[in-house]
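To keep things clear, I will list the structure first and then write my remarks on it.
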Amino acid sequence: MAEFDLVVIGGGPGGYVAAIRAAQLGKSVAVVEKERLLGGTCLRVGCIPSKALLESSHLYEQASHGFEDRGIKVGKTTLDLGAMMQHKDKVVQTLGGGIDGLMKKNKITRFFGHGRISEPNLVQVDTAEGTQDLKAANIMIATGSQPSTLPGVELDGDRIGTSTEAIAFDDVPKHLVVIGAGVIGLELGTVWRRLGTKVTVLEYLDRILPGMDNEIASEALKIFQKQGLEFHLGTKVTGVKVARKSCEVSIDGGNSIKCDRVLVAVGRKANTEGLGLESVGVATDKRGFITVDTHYQTSVPGIFATGDVIGGAMLAHKAEEEGIACVEQLFTGYGHVNYNAIPGVVYTEPEIGTVGATEEQLKERGIEYRKGVFPFIANGRARAGGHLDGKVKILADASTDRVLGVHIIGAHAGELIAEAAVAIEFGASSEDIARTCHAHPTLAETIKEAALAVDKRAIHF
Ligand code: NAD
């Protein structure tokens, strides 16, 4: 029987990155993954394909209406959706091939099949050729999550779909109803709006992007409305019916909306089915996430879990950090994730980047803070690029000046937020950022200016 120091079940960012780290530490490692392509939801049907479509649809929108006032005349723009999808698929395949290469380079054994824990030190892999047993000194469950749905809304894998379907529509819907104004709803709603779809977003709460700093989310709502997304907030969906190519979405109060496709984006649930958790006694919480201790160990010694399957922010980079920390704790005795320094990015236009505490969280915790805000409109590079929407907001401790949270809505916020994450990780004060020379003209100067604004001494506003 094949024997390993670590068997990882799930080849997504949580699993394959942990496997590489364990291999770097000299351990024998196997990854069990039921899909041919490694990379998990993120690579196959999540982060990467959606970003390919966001980039392409942005270019299409720019070419269609974004160039005239820059003195660039192009002919009539036409869309070849098939080619756009092919580009996306090629990106996914190429990156997937890259992960296969990383597995080989690190001498990690890959098993293609469904993994199940049959005993605390035994993983059974159901492959096309039959069942194979792997003896494992340690097991890591990194099986991720899958889209949730609502009572009365049955996913049919076609007209009523999740993000998986919405990254692969074979034609441009006339009218797409998106249920849920979270990250997926807004990103994929944006893709299809740009390609010509009327997009209606139905959200249960009276705000979009729950959990995000309210001021930034409110600004985002205004911008997205201006771009043409239609929002119905405080709206509870009670059911969806499909009749051939048409859908009818019922909402509380008796009204309904007709459309040709529905995207259900109301959150995700843990992938724990068929893993044999009950038989070995791995505990889950009442929402179905696997419970772990600070070392990512489950209720069973030697069985660990990381990433979406343990809950918290469902982000590829959070899963990666957990996978690495778990492996390092296990094999070196040290390893840590600073949950306060995990950035979040929404890849709309403008992008939203956020790290650390929101203003609402600081108020709730009774922490005194000072706030510095700087608008993109007052930044030279933003003006030159036509990126007038957005702002940077820095929240710093009122007595120590330590940076507690940074929230950005604006062009390239997803890249800009890295500086803020480094600042929080290093325990920087807003004065540290304010005194750091930022190249001119760059969008990053908005962060320096917001840091100056904490002390009411912004130069350009
Ligand atoms: P989400 O939790 O971000 O948003 C779901 C939204 O649906 C919420 O606003 C919620 O209030 C709303 N909702 C719930 N029930 C509803 C109902 N009955 N009617 C109307 N609205 C309802 O979930 P998501 O957008 O599906 O994303 C899933 C996960 O994937 C999230 O954790 C997200 O962070 C992650 N993700 C991240 C990125 C990124 O980092 N860029 C991209 C995609 C997904």
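The analysis underlying the following values was restricted to heavy atoms, covering all of them including side chains, and did not include hydrogens, waters or symmetry mates. Start at 1 and go down the list; that is how both ligands and their atoms are numbered. Just so you know, residue 1 is the first one in the sequence shown, and it goes up from there.
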Atom indices of ligand 1, in the order listed, that fall short of 4.0 Å to a heavy atom of L150
15 (N), 17 (C), 18 (N)
Could you tell me whether K318 and D308 make a salt bridge, using a distance below 4.0 angstrom between a side-chain N and a carboxylate O?
no
Just jot down the ligand 1 atoms closer than 4.0 angstrom to any heavy atom of P210, in number order.
8 (C), 9 (O)
Heavy atoms only: which of K269, E203, E187 lies closest to atom 8 (C) of ligand 1?
E203
Answer with yes or no whether L186 contacts ligand 1, where contact means a heavy atom under 4.0 Å from a ligand atom.
no
Element-labelled atoms of ligand 1 that are located less than 4.0 Å from some non-hydrogen atom of L202
20 (C), 21 (N)
Regarding atom 27 (O) of ligand 1: of the candidates I184, T348, V264, which has the closest heavy atom?
I184
Within the distance-only criterion (no hydrogens, no angle test), does the side chain of T41 pair as donor or acceptor with the backbone N or O of V45 below 3.5 angstrom?
no
Taking atom CD1 of I310 and atom CD1 of I290, what is their separation to the nearest 0.5 Å?
9.0 Å
Nearest non-hydrogen contact with atom 7 (O) of ligand 1 belongs to which option: G234, G180, G414?
G180
Determine yes or no for a side-chain-to-main-chain donor-acceptor pair under 3.5 angstrom, with Q227 supplying the side chain and E349 the backbone.
yes
List the closest protein heavy-atom neighbour of atom 5 (C) of ligand 1: residue, atom name, distance to the nearest 0.1 Å.
A265 O, 3.3 Å
Would R194 and Y60 count as a cation-pi pair here, with the cationic atom under 6.0 angstrom from the ring centre and within 45° of the axis?
no
Flag R268 as yes when one of its N or O atoms lies below 3.5 Å from any N or O atom of ligand 1, and as no otherwise.
no
Applying a strict 4.0 Å limit to heavy atoms, is G267 in contact with ligand 1?
yes
Residues passing the salt bridge (charged side-chain N to carboxylate O under 4.0 Å, His left out) test with E328, sequence neighbours excluded, are R21
min-distance protein heavy atom vs atom 22 (C) of ligand 1 -> Y204 CB, 3.6 Å
Which ligand 1 atoms are under 4.0 Å away from a heavy-atom of T235?
19 (N), 20 (C)
State whether the side chain of Q361 and the backbone N or O of T358 hold a donor-acceptor pair below 3.5 Å, judged by distance alone.
yes
Among protein heavy atoms, which sits nearest to atom 13 (N) of ligand 1, and what does the distance come to when rounded to 0.1 Å?
V266 CG1, 3.8 Å
Looking only at protein heavy atoms, identify the closest one to atom 4 (O) of ligand 1 and say how far it is in Å.
G182 CA, 3.2 Å
d(D285 CG, R287 CZ) to nearest 0.5 Å is 7.0 Å
Quick check against the 3.5 Å criterion: does D213 have a side-chain atom that pairs as donor or acceptor with the backbone of E360?
no
Look at atom 36 (N) of ligand 1 and say which protein heavy atom is nearest, naming residue and atom and giving the distance to 0.1 Å.
M314 O, 4.0 Å
Going by the atom numbers of ligand 1, which of them fall below 4.0 Å from some non-hydrogen atom of I179?
19 (N), 20 (C)
Show the atoms of ligand 1 that are less than 4.0 angstrom away from any heavy atom in L205.
11 (O)
Is it true that a side-chain atom of S299 and a backbone atom of A283 form a donor plus acceptor pair closer than 3.5 Å?
yes
side-chain contact (heavy atoms from CB on, under 4.5 Å) for L233 and T235? Distances and angles first, verdict last.
CA-CA 5 Å; L233 301 180; T235 299; 5.7 Å; no
May I ask you to list the atoms of ligand 1 that are less than 4.0 angstrom from any heavy atom of Y347?
41 (N)
For ligand 1, is there an N or O atom under 3.5 Å from any N or O atom of V345?
yes
Hey, what's the ring geometry for H387 with H412, parallel, tilted or perpendicular (30° and 60° as the breaks)?
perpendicular
I want to know if ligand 1 touches K236 in the polar sense, i.e. an N/O pair below 3.5 angstrom.
no
Who are the salt bridge (charged side-chain N to carboxylate O under 4.0 Å, His left out) partners of R370, not counting sequence neighbours?
D401, D455
Atom 42 (C) of ligand 1: nearest protein contact (heavy atom, Å)
V183 CG1, 3.3 Å
